[in-house]
Amino acid sequence: MIRITIIAPAIAVRAGLRALLSDDPNMEIVGEAASPSEMAGAQIEADVIVWSPGGSMDLAAVLSDLNMLKIDEAEALLLVHNDPQVFERLSKLPVRAWGMLDPESTQAELIAGIQALNEGLSVINPLWLNQSVKYSTSNKNGKVDLVDPLTSREIEILQLLALGLTNKQIAARLKISAHTVKFHVSAIFGKLGTNNRVEAVNLGLKNGLVVL
């Protein structure tokens with residue numbers, strides 16, 4: 001039985017995670033909290049801590065709370081967040097295992113991630129790992145970093161834009177609405193400082209975000 005503690009500021013998020021994970025008969029929710037500080041004084045023994053800080057929290061806030069989160073070396077941490085820069089700090093934590101998944105991850109992905117962490121393995125979206133490496137290489141080559149890095153979903157959509165797919169085709173492939181794709185494309189344009197697909201793809205190639 002894998003013992004799990006859930007940390008999330010929103011009651012609805014905690015309830016959602018509890019419902020998703022409770023479907024697995026080999027998982028037991030042993031504790032819940034709204035924040036890492038609330039967990040600090042709790043005497044709860046868990047195998048895996050699932051922490052979803054919320055999309056409104058920026059990188060600085062997440063890292064600050066991460067410092068407050070007291071994790072036993074025998075525990076594993078799964079962070080549900082969409083900023084790939086956070087995982088570099090996660091990799092330095094004195095924990096049994098660490099992982100990071102996007103808030104849009106499916107139930108199967110969450111359960112598989114927790115199972116892997118319980119076995120002592122690390123879990124990370126390969127797109128984020130690739131982005132981190134490419135950013136590091138870009139710095140060495142004198143390229144300019146993005147002020148606001150693209151999320152894993154935005155990188156995924158940028159890659160599909162590079163393949164020439166339309167919004168509807170991207171929506172069908174990712175199983176999301178065309179409106180959501182349009183929203184992500186607008187966000188990509190804003191972060192890259194461009195207003196059309198060709199320029200966005202070219203900048204993505206220059207910054208190592210797109211692979212053809």
Side-chain angles (χ1 to χ4, degrees), residues 1-132 151-153 156 174-176 180:
M1 183 69 70
I2 304 175
R3 300 167 299 174
I4 301 170
T5 293
I6 297 173
I7 304 177
I11 295 177
V13 173
R14 295 200 298 273
L17 287 171
R18 187 191 321 119
L20 289 174
L21 301 179
S22 295
D23 280 348
D24 191 309
N26 296 315
M27 295 186 181
E28 178 185 8
I29 310 302
V30 297
E32 294 184 22
S35 66
S37 59
E38 185 177 310
M39 275 295 302
Q43 299 296 322
I44 301 176
E45 294 185 0
D47 299 306
V48 180
I49 295 174
V50 178
W51 177 32
S52 178
S56 61
M57 290 187 68
D58 59 18
L59 177 62
V62 172
L63 293 180
S64 176
D65 272 3
L66 194 58
N67 292 330
M68 297 171 59
L69 186 59
K70 304 300 181 182
I71 308 176
D72 189 273
E73 291 185 4
E75 296 174 326
L77 172 65
L78 175 62
L79 178 64
V80 182
H81 196 54
N82 59 6
D83 193 326
Q85 296 183 74
V86 180
F87 91 82
E88 295 182 7
R89 179 69 64 87
L90 285 177
S91 64
K92 299 176 182 178
L93 290 177
V95 294
R96 180 164 59 90
W98 61 269
M100 183 171 165
L101 291 176
D102 192 281
E104 297 183 14
S105 297
T106 65
Q107 179 184 33
E109 289 170 338
L110 285 171
I111 290 176
I114 290 173
Q115 291 171 336
L117 290 173
N118 190 56
E119 295 297 326
L121 302 174
S122 294
V123 176
I124 186 69
N125 187 321
L127 286 173
W128 290 340
L129 185 61
N130 182 58
Q131 181 181 359
S132 177
T151 65
S152 62
R153 178 64 89 184
E156 189 174 17
L174 300 181
K175 297 181 180 179
I176 57 179
T180 299

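What you are looking at is a predicted structure, and each value in this text was computed from that prediction instead of being measured.
- At a threshold of 4.5 Å between non-hydrogen side-chain atoms, the residues I176 and R153 count as touching.
- The OG1 atom of T151 lies 7.0 Å from the CG atom of D102; values are rounded to the nearest 0.5 Å.
- For the pair I29/S22, a side-chain contact is recorded, criterion being any heavy-atom separation below 4.5 Å from C-beta on.
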Pair up each side-chain donor or acceptor in residues 5-18 with any protein partner under 3.5 Å, not counting sequence neighbours, and list the distances.
{"from": "R14", "atom 1": "NH1", "to": "A8", "atom 2": "O", "distance (Å)": "2.6"}
{"from": "R18", "atom 1": "NE", "to": "E32", "atom 2": "OE2", "distance (Å)": "2.5"}
{"from": "R18", "atom 1": "NH2", "to": "E32", "atom 2": "OE1", "distance (Å)": "3.2"}
{"from": "R18", "atom 1": "NH2", "to": "E32", "atom 2": "OE2", "distance (Å)": "3.1"}

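- Here the closest non-hydrogen pair linking V30 and A46 is CG2-CB, 4.1 Å.
- Rounded to the nearest 0.5 Å, atoms CE (M27) and CG (L21) are 6.0 Å apart.
- Taken to the nearest 0.5 Å, the CZ atom of R3 stands 4.0 Å off from the CG atom of D47.
- A search for side chain to side chain donor-acceptor pair (under 3.5 Å) contacts involving E28 returns nothing, not counting sequence neighbours.
- Minimum interatomic distance between L117 and L77 (heavy atoms only, all atoms of both residues): CD1-O, 3.8 Å.
- Remark: side-chain polar atoms of E119 are not paired, donor with acceptor, to backbone N or O of A116 under 3.5 angstrom.
- In this structure, CD in E104 is found 9.0 Å from CG in L174, a value given to the nearest 0.5 Å.
- A salt bridge is absent between R96 and E75; no separation between the charged side-chain nitrogens and carboxylate oxygens falls under 4.0 Å.
- Within a 6.0 Å sphere centred on CD of E45, heavy atoms belonging to other residues, nucleotides or ligands number 12 at most.
- Across every non-hydrogen atom of L78 and M100, the tightest pair is CD1-N, 3.8 Å.
- Residues I4 and I114 have side chains in contact (heavy-atom distance under 4.5 Å, counting atoms from C-beta outward).
- Note: S152 OG to H81 NE2 = 11.0 Å, rounded to the nearest 0.5 Å.
- Listed by chain and residue number, nothing satisfies the side chain to side chain donor-acceptor pair (under 3.5 Å) test with N26 (two or more places apart in sequence, or in another chain).
- Between the CG atom in L20 and the CD1 atom in I111 there is a gap of 7.5 Å [rounded to 0.5 Å].
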